[in-house]
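None of the values given here were measured: they were computed from a predicted structure. The figures that follow rest on heavy atoms only: side chains count, while hydrogens, waters and symmetry mates do not.
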Amino acid sequence: MKKILSALFFYTLSGIGISLTLKADIGVSSFNSLNVAIASISTIKVGTVTFLLNTVFLLFYILLSKQKQFLTYFLMFVSVLCLGSIINFFSYTVLAPMYLENYFLKLAIFIMGTCIAGFATGMVVSLGVLSFPIESVCQALSEATGYSFATFRYGIDLFSVSVSFILSILYGLPIFVREGTLISLFLLSGVISFTKVNYENRLSNQEN
């Protein structure tokens, strides 16, 4: 139970980090570029879009799962609901009055948000009790097909970026895949890996 509550906390922290990257307005991560594009052409808030798309991946994961674990599915659903709610709360309430004009300030906010989101994601992955639906689907597809996890994960990123570009062009929206997307591509995965390695090393030292 302690690990589950910790995972829920880090899901929430991840939502705060994502909200900061959205506020910076210098581009967002691949998957979030799709969320922002969909939110921009509809009346749906970006956090709600994030929740809905994650729920689609969760349903897909349930279909792919050989052994059904309904409690895990329910907890994952609650987790992505919290994630979407936190993104909405911080993006449209807490951070809404903040006006960022200086580019370097925007860059600093983006890097801080990416590090927070990366740390939180790394902790969720390390705890191993409530995986993100996208990663769960990629892992299930990898086991079912023999293709690597990275192949499917990068495939989802490529799909997200492509659809985001298409929606921006069709609806005359700003391009959401910018320099922030490139920064996120390298920094986010690095922070996640760093967090995971350090957490595992700390556990190993405690056991010894």
Side-chain angles (χ1 to χ4, degrees), residues 11 14-61 80-81 83-118 120-121 132-138 141 150-192:
Y11 257 95
S14 176
I16 296 174
I18 291 171
S19 299
L20 288 170
T21 64
L22 294 175
K23 184 64 181 181
D25 193 29
I26 60 169
V28 290
S29 66
S30 302
F31 182 61
N32 284 323
S33 70
L34 175 59
N35 298 332
V36 175
I38 293 175
S40 298
I41 64 173
S42 67
T43 57
I44 306 175
K45 294 181 177 180
V46 64
T48 306
V49 174
T50 303
F51 161 68
L52 292 174
L53 291 184
N54 272 290
T55 301
V56 171
F57 278 102
L58 175 56
L59 293 173
F60 192 27
Y61 174 58
V80 295
L81 177 61
L83 177 66
S85 299
I86 288 296
I87 292 173
N88 280 342
F89 176 67
F90 273 84
S91 296
Y92 297 98
T93 303
V94 177
L95 299 177
M98 185 186 299
Y99 181 68
L100 302 177
E101 187 174 356
N102 184 279
Y103 178 80
F104 292 103
L105 178 59
K106 289 184 176 184
L107 185 62
I109 292 293
F110 182 87
I111 291 174
M112 181 174 68
T114 300
C115 288
I116 291 173
T121 302
F132 288 93
I134 293 178
E135 278 67 30
S136 298
V137 167
C138 292
L141 288 173
T151 299
F152 290 105
R153 191 63 184 85
Y154 281 121
I156 290 174
D157 285 340
L158 180 60
F159 173 81
S160 300
V161 168
S162 299
V163 175
S164 178
F165 263 123
I166 292 171
L167 291 177
S168 292
I169 293 171
L170 290 178
Y171 291 91
L173 303 174
I175 301 297
F176 301 111
V177 182
R178 293 171 51 194
E179 63 269 33
T181 310
L182 293 176
I183 295 172
S184 176
L185 183 64
F186 297 101
L187 181 59
L188 184 63
S189 58
V191 175
I192 292 172

Is it the case that the side chain of D157 and the backbone of S30 share a donor-acceptor pair, with hydrogens and angles ignored and the cut-off at 3.5 Å? no
OG1 of T50 to NZ of K45: how many Å apart, nearest 0.5 Å? 13.0 Å
Is there a donor-acceptor pair closer than 3.5 Å between any side-chain N or O of R153 and the backbone N or O of I134? no
Quick one: does I87's side chain get under 4.5 Å of L22's, heavy atoms only? yes
Examine distances only and state if a side-chain atom of T121 and a backbone atom of G118 form a donor-acceptor pair shorter than 3.5 Å. no
Over all heavy atoms of both residues, which pair between S19 and S91 is shortest? Give the atoms and the distance, please. OG-OG, 3.6 Å
Filter on ring-ring contact (aromatic ring centres under 6.0 Å, His included), then keep only pairs touching residues 29-58, sequence neighbours left out; what's left? F51-F77
Could you tell me whether the side chain of T21 reaches within less than 4.5 Å of the side chain of S29, counting heavy atoms only? no
Step by step, work out the side-chain contact (heavy atoms from CB on, under 4.5 Å) result for L173 and I41. CA-CA 8 Å; L173 303 174; I41 64 173; 3.4 Å; yes
Mark yes when over 12 heavy atoms from residues, nucleotides or ligands other than Y92 sit less than 6.0 Å from its OH; otherwise mark no. yes
Output side-chain donor-acceptor pairs under 3.5 Å for residues 99-113, partner residues at least two apart or in another chain, one line each.
residue : atom : partner : partner atom : Å
N102    : OD1  : F104    : N            : 2.9
N102    : OD1  : L105    : N            : 3.0
Y103    : OH   : E179    : OE2          : 2.9

Would a distance-only check, ignoring hydrogens and angles, find a side-chain to backbone donor-acceptor pair under 3.5 Å from K23 to L95? yes
Please name the pair of heavy atoms, one in I175 and one in S168, separated by the smallest distance, quoted to 0.1 Å. CD1-CB, 3.7 Å
Quick one: does S164's side chain have a donor or acceptor within less than 3.5 Å of a partner on S160's backbone? no
Quick one: pull up CD1 in I116 and CG in L188 and give me the separation to the nearest 0.5 Å. 12.5 Å
How far apart are the closest heavy atoms of C115 and L187, and which atoms are they? SG-CD2, 4.1 Å
Donor-acceptor pair, S33 side chain versus V28 backbone, under 3.5 Å? no
If we ignore hydrogens and angles and just use 3.5 Å, is the side chain of T93 paired with the main-chain N or O of F90 as donor and acceptor? no
Looking only at heavy atoms, what is the nearest atom pair of V80 and T55, with distance? CG2-OG1, 4.3 Å
Would you mind reporting whether L53 and I38 have side-chain heavy atoms less than 4.5 Å apart? yes
Is the shortest side-chain heavy-atom distance between V177 and F165 below 4.5 Å? yes
Quick one: OG1 on T48 to CG on L81, what's the gap to the nearest 0.5 Å? 9.5 Å
So which pairs with a foot in residues 169-189 pass ring-ring contact (aromatic ring centres under 6.0 Å, His included), sequence neighbours left out? none
